[in-house]
2 protein chains.
Amino acid sequence: MKAERTKPRKPETRIQKRNHEAILEAALDVFSSRGFRGATVDQIAKAAGLSKPNLLYYFPSKEAMHTALLTGLLDSWLAPLRALDASGEPIEEILTYVRRKLEMSRQMPRESRLFANEILQGGPRLHGVLADDLKPLVDEKAKVIRAWVEAGRIAPVNPQHLIFSVWSLTQHYADFDIQVRTLLSDVEPDPFPEAERHLVTLFTRMLTPEAA
Amino acid sequence: MKAERTKPRKPETRIQKRNHEAILEAALDVFSSRGFRGATVDQIAKAAGLSKPNLLYYFPSKEAMHTALLTGLLDSWLAPLRALDASGEPIEEILTYVRRKLEMSRQMPRESRLFANEILQGGPRLHGVLADDLKPLVDEKAKVIRAWVEAGRIAPVNPQHLIFSVWSLTQHYADFDIQVRTLLSDVEPDPFPEAERHLVTLFTRMLTPEAA
DNA sequence: CGTGTTCCTGACCATTTGGTCAAACATAAC
DNA sequence: GTTATGTTTGACCAAATGGTCAGGAACACG
């Protein structure tokens, strides 16, 4: 319902760009670790090294910072799925997808938690994105996977639920990081190498067609 | 650090029990859908059909309601894993575990989201529980799984990460319910039947030993 | 019925929080 | 230097929120 006039129409000055980025970086930090409601503008301001009114000079509201983050990150967030190539070797394509998603959990846990926080709460600020951007992409890639199944190139599997499985398994290592590390504390200091081996094994066994 | 004297030492009156339960029920509703910080005592009071001061009569603080919920639910939350039986048939045991966890995602999504919300935010209110209660249980069951692997009764797998996989795959259908339903809106009105088929297939293929 | 205990509430309070604003400060252009 | 534009902040505000409290209502029991 709100106008999308967050960014000025004129080209950004250097100082604008710097502060804009500092604010979004700080906002990502705070929103991802406390949720939208749990984050305060003061916390973000402090993390960005700016004053609260100064934040409100660059963004009209706390809400605006949040949506700027979500929309700005969406593209890179969906990139790995977009890269799934219908003309590639099926199992290798999916394993690559899994590896890239797991790598994102390692490198961008804050982004993962930001989205998780949002969807957990019923995604009031994401309904549109889910239906308008994500759904078409998932439908398209589901079709690709279905074609692979029908061609006998991978074992039979429900395409949509396969995608859900990739998401849940990989994002788990970002979203539930504390739990994972606590439970592995005396086994592996860094869960990711073993996680990758585990997931590669899992999807390979799951998708390799019957030798029959 | 706080004393655990939430409950009075005297036996509860009928009215105490009723209100106590109504409050926790309402608190589960509100906490699970908005997170701790996002929930207000007023919202919980309204949902419970009581006045705000009345809630504070039964619980010393908002925080107390939250911890009462977490600790009260922990047992039933971990029951499925506890039920994993070392003397049972390995694959059937794990499939049963998966089915029970998925069933909990269907029947108790609020509880799932409550824990998810908590762990997502670094689990400040759960550190103790994770290390003291969950870790020993996971270690014990990991040992069971490792024994099955070494006996050749299931295919080689990292026990801890296998448990993580069960959690993430099953809880995903509760925690990300909105996303799942949105993406399946024109395919399946109820995601769970297909989810169960999918997960049974996944774990069967993953765990069935090589015919070699 | 009387009395002690439990239960409940309206009014109130202190703090936090998102957001505003006038004025000060900085910067670049002329 | 002057002027116009862009940037920053201290002071402030209204609303929301967790929590308190004195007293009233309901109940239990002799």
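Below, read A as the first sequence line, B as the second, and so on, with proteins coming before strands; counting in each chain starts at 1.
Atom CZ in A:R34 sits about 14 Å away from atom P in C:dT16, given to the nearest Å. The NE2 atom of A:H66 sits 18 Å away from the C1' atom of C:dG19 (whole-angstrom rounding). The CG-P distance, from B:L55 to C:dC8, rounds to 11 Å in whole Å. Rounded to whole Å, the distance from NE2 on B:H20 to C1' on C:dC7 is 15 Å. Following rounding to the nearest Å, A:K46 (NZ) and D:dT9 (P) show an atom-to-atom distance of 15 Å. D:dG19 atom C1' lies 14 Å from atom CD1 of B:I44, rounded to whole Å.
Checking the phosphate oxygens (OP1, OP2) of D:dT8, a side-chain nitrogen or oxygen of A:N19 falls inside 4.0 Å. Using a 4.0 Å cut-off, some side-chain N or O of B:Q16 falls inside it from OP1 or OP2 of C:dC7. In terms of phosphate contacts, A:N54 brings no side-chain nitrogen or oxygen within less than 4.0 Å of OP1 or OP2 of D:dG10.
Checked against side-chain hydrogen bond (donor to acceptor under 3.5 Å, both in side chains), A:E118 has the following partners two or more places apart in sequence or in another chain: A:R125. Every residue two or more places apart in sequence or in another chain was checked for a side-chain hydrogen bond (donor to acceptor under 3.5 Å, both in side chains) with A:W77, and none qualifies. Residues meeting the salt bridge (Lys or Arg N to Asp or Glu O under 4.0 Å) test with B:K62, sequence neighbours left out: none. Contacts of B:V200 classified as side-chain contact (heavy atoms from CB on, under 4.5 Å), with partners at least two apart in sequence or in another chain: B:L95, B:R99, B:E196, B:T204. Applying the salt bridge (Lys or Arg N to Asp or Glu O under 4.0 Å) rule to A:K101 yields no partners; only residues at least two apart in sequence or on another chain are considered.
Of the possible polar contacts, one joining the A:H198 side chain to the B:H161 backbone as a donor-acceptor pair under 3.5 Å is found.
Taking only side-chain atoms of A:Y57, from C-beta outward, the nucleotide of D:dC21, C:dC8, D:dT7 with the closest atom is D:dT7.
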For nucleotides 13-18 of chain D, tabulate all protein N/O to nucleotide N/O atom pairs closer than 3.5 Å, reporting atom names and distance.
residue	atom	partner	partner atom	Å
D:dT17	OP1	A:R37	NH2	2.6
D:dG18	OP1	B:A39	O	3.3
D:dG18	OP1	B:K62	NZ	2.9
D:dG18	OP2	B:V41	N	2.9
D:dG18	N7	B:K52	NZ	3.0

